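What you see is a predicted model, and the numbers here were worked out from it, not measured in a lab.
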Amino acid sequence: MTLSKLRNIGIAAHIDAGKTTVTERILFFTGVNRKTGEVHDGQATMDFMKQEQERGITIASAAITCSWKDSQINIIDTPGHVDFTIEVERSLRVIDGMIAVFCAVGGVEPQSETVWNQADRYKVPRIAFVNKMDRTGADFNQVVQQLNQNLDAKAIPFQIPMGAENDFLGMIDVIQKKAYTFTDKEFVESEVPAEYAEISKAARNHLVERLADYNEEIMSLYFEEKDVPTDLMMKAAREATIKLLITPVFCGAAYKNKGIQLLLDAVVDYLPSPIDKGAVVGTDLEDPEKMRHRNPTAKDPFSALAFKVIHDPFVGQQTFIRIYSGTLQSGMQVFNATKKKHERVGRLLRISAKEREDVAEAGPGDIVALVGMKFTKTGDTLCDNDKPLLFESIHIPQTVIELKVLPPKPKDQQKLGEALGKLANEDPSFRVRFNDETGETVISGMGELHLEIIIDRLRHEFNVEVEVGEPAVAFRETITVEKECDYKHAKQSGGKGQFARTVMRLEPNEGKGYEFVDKIKGGAIPAEFIPSVKKGILKTLEAGILAGFPIVDVKVVLLDGAFHPVDSSDMAFQTCASICFKQAFMKAMPILLEPVMKIEINTPDEHIGDVTGNLSKRRGKIDSMRRFRKGSQKLNGLVPLMEMFGYATQLRNISSGRASFSMEFFQYMPTPKAIQEDVLKKLEEKKRLEK
């Protein structure tokens with residue numbers, strides 16, 4: 001198969017837009033499945049995790065290969081729930097094109113915006129599919145309008161629906177000037193019905209007008225008022241889509257098998273192949289200022305990006321990679337440029353959801369799973385031993401919620417640690433820390449559902465029973481003013497003593513994370529002990545000082561110090577740096593930072609007063625209100641996460657079950673003084689009771 005016939009695509013959307021159903025229908029019509037699996041009865045091919053089948057949602061992105069006409073399509077189905085945003089992030093990093101699915105009733109939802117912004121970050125060309133056209137309240141034109149208003153999508157209808165809701169018959173292809181209606185699993189092509197002739201002509205003129213902006217040939221035909229040939233329109237539309245200048249919009253009803261074959265045609269016609277995407281760029285390992293290019297050909301040196309790690313009970317750890325250039329064979333040695341280590345590839349697998357097939361080799365554009373990788377994690381670059389380069393990694397979001405977990409029996413602690421280690425290895429947005437002082441294991445993630453799934457997997461996949469504490473907000477600690485500290489650590493208790501002195505300045509470093517600057521002159525602290533100083537500070541950052549939460553946004557400038565030729569050691573400098581940092585931190589007016597969420601609430605007009613009043617009691621701020629559809633509004637604002645536990649139940653009560661909401665992490669912000677004091681007091685009280 002030639003590379004120009006390959007499509008690596010993702011399917012992404014807001015929860016409940018129906019993207020897993022779209023994927024299931026694609027698999028049916030491309031012959032991968034003999035029957036259609038349904039989300040609601042837990043039979044979807046791509047939702048093969050037990051937790052996905054029970055909840056009817058997609059949790060882990062799954063990869064599958066299928067064929068349409070003479071093209072090969074690799075599909076990655078991604079979750080719509082905001083708690084699993086890392087899955088979307090890592091999939092978007094490696095795909096070439098995307099189908100963004102929107103509900104014809106719900107339109108552009110908050111998570112649609114998140115996914116759209118992620119696709120913008122990675123410059124992924126996309127087409128939009130307006131699903132559920134047969135549902136009550138379906139409004140195709142409103143969704144197109146929202147795409148342009150809320151997402152600046154430059155959306156243009158390439159199809160217009162014939163009817164809507166119960167009267168949805170099919171669609172008209174604007175370029176081909178053909179109508180399509182559907183029987184159970186087949187479609188019938190016909191001429192455009194007379195009643196749609198005018199609207200179809202207007203839609204085609206609008207498309208020609210927009211394409212004329214990007215194509216001179218179309219522009220001259222447009223000004224001469226001549227008809228634009230279909231082939232020319234498709235070629236111009238493909239180029240504009242790949243350059244992110246337009247978003248073609250299609251429609252259908254996946255559950256009723258309407259519009260899927262035409263959507264597959266659109267994937268082949270308008271989304272890019274690896275050749276269209278062209279060379280990928282990485283940086284030189286020796287000189288990060290130098291750029292290295294890899295073309296999507298088998299002749300170029302091998303390069304790939306690892307985008308996912310999963311633990312498979314049958315074959316062990318699988319590392320999913322996207323190959324950009326060169327050829328990879330089983331048994332071959334490759335270089336992990338991120339870890340600067342050599343790896344030997346065991347088996348090469350092509351994955352079709354649950355099914356796996358051994359392959360001897362894979363080339364540019366392929367998405368395969370490797371078995372036997374020891375060091376490779378999500379975001380790592382794999383490349384040729386002799387021609388190394390480093391690709392941009394994957395953006396990992398901050399965790400916002402945490403839980404304390406405890407094995408019922410102390411002897412199970414090691415088993416719990418190993419299982420959590422494997423889960424953290426798979427999912428970079430899930431973190432684990434062990435508090436040495438309290439002996440507690442604290443897990444943190446993207447939301448309540450995220451951690452609920454983790455606990456479920458511990459019990460069913462790893463057979464580890466755990467006792468779970470109450471969910472708590474994952475605060476962070478930082479400083480607000482600049483302070484210096486000079487600390488000398490000296491201990492003499494028979495035999496070899498301990499000696500170290502450090503002088504450091506702590507500076508607020510808002511939004512830039514932790515930075516370390518070494519300004520030691522004249523060997524006041526020998527070079528071999530500088531890593532020990534760093535290690536001491538890093539341990540303290542993780543453990544926290546004010547209330548045991550990780551410390552962020554602090555710049556440490558190491559100014560001076562002293563050592564003893566006999567008594568100075570790695571441990572002496574670690575201890576000294578840790579105490580020095582703690583003392584400076586407590587002088588630098590430390591504060592707690594709390595996670596603040598972006599919230600969007602859909603509410604009927606008559607409940608707006610109650611909803612906004614309740615939100616302001618929770619320290620929420622409304623930024624904007626906009627008409628969602630007749631009789632209802634969308635409210636957008638910010639609200640601290642700690643005020644949102646139990647909100648779903650309360651919102652149901654105050655709106656008689658008619659309002660809905662969704663949240664996603666926005667950023668960490670300073671906690672108001674009175675609330676910080678209250679939080680610290682409660683934590684102190686809890687510690688006292690636990691003792």
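- Closest non-hydrogen pair, Ala138 versus Val105, comes out as N-CG2, 3.8 Å.
- The line from CD1 of Ile608 to CD1 of Ile601 is 10.0 Å long, rounded to the nearest 0.5 Å.
- Although no hydrogens or angles enter the test, the distance criterion places no donor-acceptor pair under 3.5 Å between the side chain of Ser325 and the main chain of Phe302.
- Within a 6.0 Å radius of CD in Glu195, more than 12 heavy atoms belonging to other residues, nucleotides or ligands are found.
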Phe250 and Phe129: CA distance, side-chain angles, deciding distance, ring-ring contact (aromatic ring centres under 6.0 Å, His included) verdict
CA-CA 5 Å; Phe250 302 86; Phe129 181 68; 8.1 Å; no
### Task
Run the numbers on Trp116 and Asp152 for side chain to side chain contact (heavy atoms under 4.5 Å, CB included), then give the verdict.
CA-CA 10 Å; Trp116 201 266; Asp152 190 24; over 6 Å; no
Quick one: do Arg25 and Asn257 satisfy side chain to side chain contact (heavy atoms under 4.5 Å, CB included)? Show the steps, please.
CA-CA 7 Å; Arg25 295 306 185 266; Asn257 302 314; 2.9 Å; yes
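- Between Lys178 and Asp173 there is no salt bridge, since no side-chain N of the basic residue sits under 4.0 Å from a carboxylate O of the acidic one.
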Check residues 155-165 and write down every donor-acceptor pair under 3.5 Å in which the side-chain atom is one partner and the other belongs to a residue at least two apart or another chain.
| from | atom 1 | to | atom 2 | distance (Å) |
| --- | --- | --- | --- | --- |
| Gln159 | OE1 | Cys251 | N | 3.0 |
| Glu165 | OE2 | Gly137 | N | 2.6 |

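- Within 6.0 Å of CG in Asn117 there are more than 12 heavy atoms belonging to other residues, nucleotides or ligands.
- When side chains are defined from C-beta on, Phe661 counts as touching Ile599, because their heavy atoms get closer than 4.5 Å.
- Once rounded to the nearest 0.5 Å, the distance linking OG1 of Thr247 with CG of Leu151 reads 8.5 Å.
- With contacts defined as side-chain heavy-atom distances shorter than 4.5 Å, the pair Leu3/Ser273 does not qualify.
- Taking the ring axis of Trp68 as reference, the NZ or CZ atom of Arg7 does not stay both within 45° of it and closer than 6.0 Å to the ring centre.
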Q: Would you check, one step at a time, whether the test side chain to side chain donor-acceptor pair (under 3.5 Å) holds for Asn74 with Asn8?
A: CA-CA 5 Å; Asn74 292 330; Asn8 283 318; 2.8 Å; yes
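- For Glu392, the side chain to side chain contact (heavy atoms under 4.5 Å, CB included) partners two or more places apart in sequence, or in a different chain, are Arg93, Tyr122.
- When every heavy atom of Thr327 is checked against every heavy atom of Ala298, the shortest pair comes out as OG1-CB, 3.7 Å.
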Passes side chain to side chain donor-acceptor pair (under 3.5 Å), Ser429 versus Asp427? Steps please. CA-CA 5 Å; Ser429 68; Asp427 180 356; 2.7 Å; yes
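- Between Tyr324 and Phe391, the two ring planes are perpendicular [angle over 60°; tilted spans 30° to 60°].
- Salt-bridge check for Asp623 with Lys598: failed, with every basic side-chain N at 4.0 Å or more from each acidic carboxylate O.
- Under 4.0 Å is where a charged nitrogen must lie from a carboxylate oxygen, and between Asp96 and Arg322 at least one such pair does.
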task = Assess whether salt bridge (charged side-chain N to carboxylate O under 4.0 Å, His left out) is satisfied between Lys5 and Asp70, documenting all intermediate values.
result = CA-CA 7 Å; Lys5 298 289 185 189; Asp70 56 351; 3.3 Å; yes
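- Side-chain contact between Thr30 and Leu264: present, with at least one pair of heavy atoms (C-beta onward) separated by less than 4.5 Å.
- Under the 4.5 Å side-chain criterion, counting only non-hydrogen atoms from C-beta, Gln146 is not in contact with Phe102.
- Two residues are said to be in side-chain contact when any heavy atoms from C-beta on lie closer than 4.5 Å; Phe307 and Leu92 fail this criterion.
- When all heavy atoms of Leu328 and Leu370 are compared, the pair lying nearest together is CD2-CD2, 3.7 Å.
- For the atom pair CG of Asp213 and CD1 of Ile218, the computed distance is 10.0 Å after rounding to the nearest 0.5 Å.
- When atom types are taken as modelled, the side chain of Asn148 and the backbone of Lys154 share a donor-acceptor pair closer than 3.5 angstrom.
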ask   = Would Glu186 and Thr183 satisfy side chain to side chain contact (heavy atoms under 4.5 Å, CB included), going step by step from the backbone distance to the final call?
value = CA-CA 5 Å; Glu186 299 296 323; Thr183 59; 3.3 Å; yes
Contacts under 3.5 angstrom, residues 226-234 side chains, donor-acceptor by atom type, not counting sequence neighbours:
| from | atom 1 | to | atom 2 | distance (Å) |
| --- | --- | --- | --- | --- |
| Lys226 | NZ | Glu224 | OE1 | 3.0 |
| Asp227 | OD1 | Arg204 | NH1 | 3.3 |

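- A 4.5 Å side-chain heavy-atom check between Ser632 and Thr603 finds every atom pair outside the cut-off.
- Phe168 is not listed as a side-chain neighbour of Lys132, based on a closest heavy-atom distance of 4.5 Å or more.
- Looking at Leu349 and Gln318, their side chains come closer than 4.5 Å, going by heavy atoms from C-beta outward.
- With hydrogens and angles ignored, the 3.5 Å screen pairs no side-chain donor or acceptor of Asn150 with any backbone N or O of Val108.
- In this structure, NE2 in His607 is found 9.5 Å from CG in Leu651, a value given to the nearest 0.5 Å.
- Among all heavy-atom pairs drawn from Asn215 and Ala236, the shortest one is ND2-CB, 3.7 Å.
- A donor-acceptor pair is defined here as one N or O able to donate and one able to accept, closer than 3.5 Å; such a pair exists between the side chain of Ser220 and the backbone of Glu217.
- Pro272 and Lys277 get closest at one heavy-atom pair: CG-CD, 4.0 Å.
- Here Ser200 contributes atom OG and Glu191 contributes atom CD; the two are 10.5 Å apart, rounded to the nearest 0.5 Å.
- Under the side-chain contact (heavy atoms from CB on, under 4.5 Å) rule, Val174 has a single partner from Val192, Ile199, Asn205, Leu207, which is Leu207.
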Please evaluate residues Arg126 and Asp120 with respect to the criterion salt bridge (charged side-chain N to carboxylate O under 4.0 Å, His left out), reporting the C-alpha separation (whole Å), side-chain torsions for both, the decisive distance (0.1 Å), and the verdict. CA-CA 10 Å; Arg126 64 216 85 146; Asp120 280 343; 3.0 Å; yes
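- The backbone N or O of Asn295 lies less than 3.5 Å from a partner atom in the side chain of Asp300, making a donor-acceptor pair.
- The two residues Ala362 and Ile323 come nearest to each other via the heavy atoms CB-CD1, 3.6 Å.
- Leu382 CG to Ile321 CD1: the interatomic distance, rounded to the nearest 0.5 Å, is 6.0 Å.
- Remark: side-chain polar atoms of Arg294 are not paired, donor with acceptor, to backbone N or O of Arg292 under 3.5 angstrom.
- Using modelled atom types, one side-chain atom of Arg238 and one backbone atom of Asp269 make a donor-acceptor pair closer than 3.5 Å.
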**Request:** Go through the steps for Tyr214 and Glu239 under the test side chain to side chain donor-acceptor pair (under 3.5 Å), then give the verdict.
**Result:** CA-CA 9 Å; Tyr214 314 116; Glu239 285 168 4; over 6 Å; no
- Message: Run the side chain to side chain contact (heavy atoms under 4.5 Å, CB included) test on Leu6 and Ser71 for me, step by step, so that the C-alpha distance in whole Å, both residues' side-chain angles and the decisive distance to 0.1 Å come before the verdict.
- Response: CA-CA 6 Å; Leu6 177 64; Ser71 294; over 6 Å; no
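- Here the side chain of Asp366 pairs a donor or acceptor atom with the backbone of Gly363 at under 3.5 angstrom.
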